[in-house]
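As structure tokens, the structure follows; a few thoughts come after it.
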Amino acid sequence: MRGFRGATDTEADLSGRLQADLEYLDGWTIWRDVQIMFATFTVLVHDRAF
């Protein structure tokens, strides 16, 4: 995780989020999306998820 979720209170936050998005797009593969979905599912079913 990169830590760029939520509000962008400063220009540095916005710049960091944009940079992370561009890196994601540049390195996109279907396998990477499958890994993200699996990690998300794992977090959601964990007993302390909520």
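All residue numbers in this chain count up from 1 along the given sequence.
In terms of hydrophobic clustering, with Ile, Leu, Val, Met, Phe, Trp and Tyr side chains grouped at heavy-atom distances under 4.5 Å, M37 and V45 are assigned to different clusters. Cluster annotation: L44 and I36 are assigned to distinct hydrophobic clusters (Ile/Leu/Val/Met/Phe/Trp/Tyr, side-chain heavy-atom contacts under 4.5 Å, transitive).
Across every non-hydrogen atom of E23 and R32, the tightest pair is O-NH1, 4.3 Å. Across all non-hydrogen atoms, the minimal contact from D13 to T8 is CB-CA, 3.9 Å.
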Derivation of the side-chain contact (heavy atoms from CB on, under 4.5 Å) call for L18 and L22:
CA-CA 6 Å; L18 179 60; L22 292 174; 4.2 Å; yes
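Note that CD of Q35 is 9.5 Å distant from CG of D33, once rounded to the nearest 0.5 Å.
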